[in-house]
Amino acid sequence: EKEAALPKPNQTDLFSGRTWENFFQSLNNPVLIFDTQHTILAANRAALNFSGMFEKDLIGQKCYEILHGYRVPPQHCPVEKWLASGLCEVTEIDMEVFGRSCLSVCSPVCDDTGRLEMVAHSIIDVTERKHAQKALWEREAEYQTVFETFGAAAAIIEEDMTIASVNQEFEKLFGDTKEEVEGKKKW
């Protein structure tokens, strides 16, 4: 059975009016469009939900005031990096105003001559990942403390028989330092 060939839209139709607006609004991540002065020109629904604000309250505002609560761009501002490089910039940044940690992706939008005109700023919320990572580090530190202090010689051996780690009791019992045995297959 032959598939019906769908007509290909021309580029003008694809990026004009309603089609573009539907595309922009359907993006799952918050996306804001800024000019080169950090002024918010557009926001999709996800950005409105993320910020808890109405579009009329975002448009015309400076991104650093809305997203960070600052009067000037924050240190490590991805938009400032973008302005300097003209390249896509990805930065992990805390958005204190919202109590969120985010990956901030700033992509250049150029005019027909290649001049930087705007930035498409996509926000990826990584707060839960950061909390899970912190919990993992804390748990790892607890296990390391137990491993080091439980009073018996212990070693962690990898599948290939490489000694990954030894504790202080191991060092006392065998007379070898961690540096002498860790990373080795035998001692």
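Residues T162 and K184 have side chains that never bring a donor and an acceptor to within less than 3.5 angstrom of each other. Q144 and E140 share no donor-acceptor pair across their side chains, judged by distance under 3.5 Å alone.
Residues H131 and T127 form a side-chain contact, since some pair of their non-hydrogen atoms from C-beta on lies under 4.5 Å apart. Taking 4.5 Å as the limit, every side-chain heavy atom of L103 sits out of range of all side-chain heavy atoms of T91. Contact of the V181 side chain with the F174 side chain is not registered, since no non-hydrogen atoms from C-beta on lie closer than 4.5 Å. In this structure, Y64 and C77 have side chains that are not in contact, with every pair of non-hydrogen atoms separated by 4.5 Å or more. Counting heavy atoms from C-beta on, the side chains of I93 and H68 come closer than 4.5 Å. At least one side-chain heavy atom of C88 sits less than 4.5 Å from a side-chain heavy atom of V105. Residues K134 and R129 are not in side-chain contact: their nearest non-hydrogen atoms beyond the backbone lie 4.5 Å or more apart.
Between atom CZ of residue F34 and atom CG of residue L67 there is a gap of 5.5 Å, rounded to the nearest 0.5 Å. Considering OG1 of T19 and CD of E21, their distance stands at 10.5 Å, rounded to 0.5 Å. Rounded to the nearest 0.5 Å, atoms OG1 (T39) and CE (M118) are 12.5 Å apart. H38 NE2 to H121 NE2: the interatomic distance, rounded to the nearest 0.5 Å, is 10.5 Å. One finds the CD1 atom of I124 at 13.5 Å from the OG atom of S101 (value rounded to the nearest 0.5 Å). Rounding to the nearest 0.5 Å places CD1 of I66 at 5.5 Å from CD1 of I40.
Side-chain atoms of N167 come within 3.5 Å of backbone atoms of A152 as a donor-acceptor pair (strictly under, hydrogens ignored). Checked by atom type and distance alone, the side chain of Q168 never pairs as donor or acceptor with a backbone atom of T149 at under 3.5 Å.
Residue pairs meeting the salt bridge (Lys or Arg N to Asp or Glu O under 4.0 Å) criterion with at least one member in residues 160-170, sequence neighbours excluded: D160-K185, E169-K172. Annotation: salt bridge (Lys or Arg N to Asp or Glu O under 4.0 Å) contacts involving residues 105-117, sequence neighbours excluded, comprise D111-R115. For the salt bridge (Lys or Arg N to Asp or Glu O under 4.0 Å) condition, no pair includes a residue of residues 68-83, sequence neighbours left out.
Paired with F50 under the rule side chain to side chain contact (heavy atoms under 4.5 Å, CB included), one option of N44, V31, L32, D125 passes, and it is D125.
A 6.0 Å sphere centred on CD of Q75 holds no more than 12 heavy atoms belonging to other residues, nucleotides or ligands.
Connection of L87 to V109 is not established within any shared hydrophobic cluster, with ILVMFWY side chains joined at heavy-atom distances below 4.5 Å, either directly or through further cluster members. Linking ILVMFWY residues whenever their side-chain heavy atoms come closer than 4.5 Å, directly or via other members, leaves I156 and V166 in distinct clusters. Under the 4.5 Å side-chain contact rule for hydrophobic residues, L27 and V90 do not share a cluster. Transitive grouping of hydrophobic side chains (ILVMFWY, heavy atoms separated by less than 4.5 Å) brings I123 and V97 into a common cluster. F54 and L58 are members of different hydrophobic clusters when ILVMFWY side chains are connected at heavy-atom separations under 4.5 Å.
In this structure, E158 and A164 approach most closely via the heavy-atom pair OE2-CB, 3.1 Å. Here the closest non-hydrogen pair linking A43 and L48 is CB-CD2, 4.1 Å. For G175 against E180, the heavy-atom pair with the smallest separation is O-OE1, 4.3 Å. A154 and F150 get closest at one heavy-atom pair: CB-CZ, 3.6 Å. Across all their heavy atoms, S165 and E182 have their closest contact at CA-OE2, 3.2 Å.
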Inset, instruction - Please step through side-chain contact (heavy atoms from CB on, under 4.5 Å) for the pair Q37 and K62, ending with a clear verdict. - result: CA-CA 8 Å; Q37 302 300 310; K62 299 295 185 186; 3.8 Å; yes
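One finds no salt bridge joining E55 and R45 here, because no Lys/Arg side-chain nitrogen approaches an Asp/Glu carboxylate oxygen to under 4.0 Å.
Separation of the Y143 and F147 ring centroids does not fall under the 6.0 Å cut-off.
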